[in-house]
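Data first, discussion second: the structure below is written as structure tokens.
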Amino acid sequence: MSTEPTSPAVPGEEDTTTTLDVLIAERRRKRDSLAARGLDPYPSRFDRSALAAELHADHQGLEADVHTGVVAKVAGRITAKRGHGRLSFAELTDPTGSIQLLMQESNLSESAQAVLDATDLGDWIGAEGEVVTSRRGELSIDVGELFMLSKALRPLPDKWHGLTETDTRYRQREVDLLANPDSRRVFDIRFAVIAALRALMAAERFVEVDTPILQPQAGGALARPFLTHANALDIELSLRIAPELYLKRLVVGGYERVFEIARNFRNEGIDTRHSPEFTALEAYQAFGDLDDGMDLSERLIVGAAEASTGRLTFRVGDKEVDLTPPWPRLHLLDLLEAKVGRRLHPSDPVEDVRAVCGKFGVEFLPTWGSGKLIFELYDAVILPEVTNPVFIVGFPIEVSPLARHSADDPLMADRYELCIDGREFVNGYSELNVPDEQDERFAAMAAAGEGDLEVPPADAAFVRALEFGLPPTSGLGIGIDRLVMLLAEVEAIRDVILFPMLRPEQA
RNA sequence: GCGCCUCUAGCUCAACGGCAGAGCAACGGACUCUUAAUCCGCAGGUUCUGGGUUCGAAUCCCAGGGGGCGCACCA
């Protein structure tokens, strides 16, 4: 035991030892003290016999000071220590909860005592002993053997306040997860949602597939892609912005029900609701139309909510959202008529629709047609009013280049969006399966959006696939991150993404 | 991209023009029933970085960096 060299050695020589260095050195010293006794501070394995939650469940309602005669081996991180001389308490936390370790010097083996002396908050510890209750009635392990499973060299954040600095929480998510139970709760919901969606889709006889992320031409949405380069082929590639076109090619190929839980990449703004990489479930169902798609959306979201949280009502800000089905299905043009006081239609002269936009403070570009303007009006005056889920049905063809036009209206598409709390959660439609029409729409888009970085060139391979015949198909996409935000009741998309994109740390 | 806010000990936060402090964690000590244990003692700082104003700057000003929020684009 020696004093740490914390004082400057030579005048003029820079002393860069920080508090953190001293804390780490202290933990290294304890680790080395174990090694010196022949105790491996990083052993290869440990046999756990019980989880904290199991112990609490199996020994409910015991009196104080009870000896059960049951021996258990537990493992986890030390999250609190309370020493009393020759008696110590510690809290050991595993993924299911915490269990108290009761350590009496008289009961501890010699090696257990050495491990106890070398234990800091944050260490991975294994403990073996009888399940008892303390004199105050707390369920505990009366420890006989104690094992260092992995020595933590860095100190943990404050046990009471946790880690609050958002920067650190995102950059060192592992620390956030081990220090902040609420962060763990959010991600538990996320992965329960994804597992539930997979199970629900399997039950609906959808096949899960995976399609290229590196694509010669990103399509299926309007967005600026990330670009990269393939050395072997010496070609430019894009990261996908949506899996849509490949999935429909699989339906052409005979996969009548397919889905992909797809990471998509869009090289655009980052804010509370947008992340450059985000996750969407896209599903395509042959012989279905938009009503089948809305039915499926409803089953998936209700099922995922129940499986991950057991609830159907959620707080969002100061509002409550109720997901209890069935959800209303309302036509976009009807809603707009009620809101703006006149019936609008994509066939209206563009000056008329612009006038309505002006009246409601909706800004627009001169290149936009009546259909796009109607969509913008919807975004500005309909969406923000929505709280509980509502399917909004019928969108202008002008903003739906991959959707089938309505049977009775060539300027409107059989497309719907599911809106909750002012946001779009699902976008779905009856797929356009007429190859010539698709080709024309690509060409029209390219012409209208010349110079626009978001408009992709026509996808010839996709059109060729349509020429082999795409059956009538219902397609939909669900934003997983937003769904998790709703179910976990958090405000920022970065709180539901484990390692969100940030500027790299300075060296 | 533009605007506003923020950065102090390992963590959580004070000090807001006048000696940089507290709690937790650490370190030394007391304690066999605590559970945010308690008590005594001790230590811990490039106040994000660089300039400037001032007798004096963590504090005010300028520039830069990280992060957050809002607006715009987008899902």
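Throughout, protein chains are lettered first and strands after them, A, B, ... in sequence-line order, and every chain is numbered starting at 1.
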_Contact residues, residues 51-68 of chain A to RNA chain B [heavy atom, < 4.0 Å]_ = none
*Using heavy atoms and a sub-4.0 Å distance, could you list which residues of residues 124-135 of chain A are near RNA chain B? By number, please.*
A:Ser134, A:Arg135
To the nearest angstrom, how far is [X] atom [atom1] from [N] atom [atom2]?
| X | N | atom1 | atom2 | result |
| --- | --- | --- | --- | --- |
| A:Asp176 | B:G67 | CG | P | 16 Å |
| A:Arg273 | B:C73 | CZ | P | 14 Å |
| A:Leu178 | B:C11 | CG | P | 14 Å |
| A:Glu268 | B:C73 | CD | P | 12 Å |
| A:Asp379 | B:A72 | CG | P | 11 Å |
| A:Ile78 | B:U35 | CD1 | C1' | 14 Å |
| A:Glu363 | B:C73 | CD | C1' | 12 Å |
| A:Arg266 | B:C73 | CZ | C1' | 13 Å |

Taking the same atom, [atom1], in [N] and in [M], what whole-Å distance lies between them?
| N | M | atom1 | result |
| --- | --- | --- | --- |
| B:C4 | B:U12 | P | 27 Å |
| B:G45 | B:C19 | C1' | 15 Å |
| B:G10 | B:C48 | P | 13 Å |
| B:A15 | B:C71 | P | 30 Å |
| B:G3 | B:A72 | P | 16 Å |
| B:A37 | B:A30 | C1' | 14 Å |
| B:U54 | B:U59 | P | 16 Å |
| B:A20 | B:G56 | C1' | 15 Å |

If you look at every strand shown and take non-hydrogen atoms under 4.0 Å, does [X] touch a base, only sugar-phosphate, or nothing?
| X | answer |
| --- | --- |
| A:Gly162 | sugar-phosphate |
| A:Arg171 | sugar-phosphate |
| A:Glu165 | sugar-phosphate |
| A:Ser275 | base |
| A:Thr19 | base |

Side chain of [X] - closest among [options]:
| X | options | value |
| --- | --- | --- |
| A:Ala80 | B:C27, B:A37, B:G67 | B:A37 |
| A:Lys159 | B:A36, B:G45, B:G66 | B:A36 |
| A:His84 | B:G10, B:A37, B:U35 | B:A37 |
| A:Gln104 | B:G44, B:C33, B:A75 | B:C33 |
| A:Leu23 | B:A75, B:G10, B:C33 | B:G10 |
| A:Phe278 | B:A75, B:G10, B:G28 | B:A75 |
| A:Phe89 | B:G10, B:C33, B:G67 | B:C33 |
| A:Glu26 | B:G44, B:A37, B:C27 | B:C27 |
| A:Thr18 | B:G67, B:G10, B:A26 | B:G10 |

Grab the N/O contacts between the protein and nucleotides 69-71 of chain B below 3.5 Å, and write none if there aren't any.
from	atom 1	to	atom 2	distance (Å)
B:G70	OP2	A:Thr272	OG1	2.7

With sequence neighbours left out, write down each residue that passes side-chain contact (heavy atoms from CB on, under 4.5 Å) with [X], or none if nothing qualifies.
| X | value |
| --- | --- |
| A:Arg135 | A:Asp65 |
| A:Asp117 | A:Gln113 |
| A:Thr166 | A:Arg169, A:Tyr170 |
| A:Ser474 | none |

*At what distance, to the nearest 0.5 angstrom, does CD1 of A:Ile480 lie from CG of A:Leu197?*
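It comes to 5.0 Å.
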_Spacing of A:Asp481 atom CG and A:Asp495 atom CG [to the nearest 0.5 Å]_ = 12.0 Å
*What pairs of residues pass the side-chain hydrogen bond (donor to acceptor under 3.5 Å, both in side chains) test when at least one of them lies in residues 378-400 of chain A, not counting sequence neighbours?*
A:Lys339-A:Glu385, A:Tyr378-A:Glu417, A:Ser400-A:Arg415
*Taking the nucleotide of RNA chain B with the closest heavy atom to each, which residue, A:Phe425 or A:Thr164, is nearer the 5' end?*
A:Thr164
_Given the structure, check if the side chain of A:Ser88 and the base of B:U32 hold any donor-acceptor pair shorter than 3.5 Å._
no
*Examine the base of B:G23 for any acceptor or donor lying under 3.5 Å from a partner atom in the side chain of A:Asp158, and report the outcome as yes or no.*
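By the distance-only test, yes, there is a pair.
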_Base-pair map of RNA chain B as dot-bracket, where | denotes pairing with a different strand and pairs are Watson-Crick or G-U under 3.5 Å_ = (((((((..((((....[..))))..((((.......))))......(((((..]....))))))))))))....
_Sequence-distant partners of A:Glu91, salt bridge (charged side-chain N to carboxylate O under 4.0 Å, His left out), two or more places apart_ =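 Salt bridge (charged side-chain N to carboxylate O under 4.0 Å, His left out) list for A:Glu91, sorted by chain: A:Arg82.
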Taking [Y]'s backbone N and O only, do any of them form a donor-acceptor pair with [X]'s side chain (distance below 3.5 Å, no angle check)?
| X | Y | answer |
| --- | --- | --- |
| A:Asp94 | A:Thr96 | yes |
| A:Ser109 | A:Glu145 | no |
| A:Arg266 | A:Ile241 | yes |

*Before accepting this row, confirm whether a basic side-chain N of the pair A:Arg423/A:Asp421 lies closer than 4.0 Å to the acidic partner's carboxylate O.*
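Looking at A:Asp421 together with A:Arg423, the answer is yes, because their closest N to O distance falls below 4.0 Å.
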*May I ask you to verify if any side-chain N or O of A:Arg503 is less than 4.0 angstrom from the OP1 or OP2 atom of B:G67?*
yes
_Does atom NZ (A:Lys359) have a neighbourhood of more than 12 heavy atoms from anything else shown, all under 6.0 Å?_
no
*For A:Arg404, look at atom CZ and say whether over 12 heavy atoms of other residues, nucleotides or ligands are found less than 6.0 Å away.*
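Atom CZ in A:Arg404 is not crowded, with 12 or fewer foreign heavy atoms closer than 6.0 Å.
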Identify every side-chain donor-acceptor pair in residues 362-375 of chain A under 3.5 Å, counting partners at least two apart or on other chains, and give the distances.
from	atom 1	to	atom 2	distance (Å)
A:Ser370	OG	A:Asp348	O	2.7
A:Lys372	NZ	A:Glu376	OE2	3.1

*Taking side chain as C-beta onward, heavy atoms only, is A:Val175 less than 4.5 Å from A:Thr168?*
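Not touching, per the 4.5 Å side-chain cut-off.
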*Can you tell me which residue pairs pass the ring-ring contact (aromatic ring centres under 6.0 Å, His included) test with a partner in residues 83-140 of chain A, sequence neighbours excluded?*
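Listed by first then second residue: A:His84-A:Phe89.
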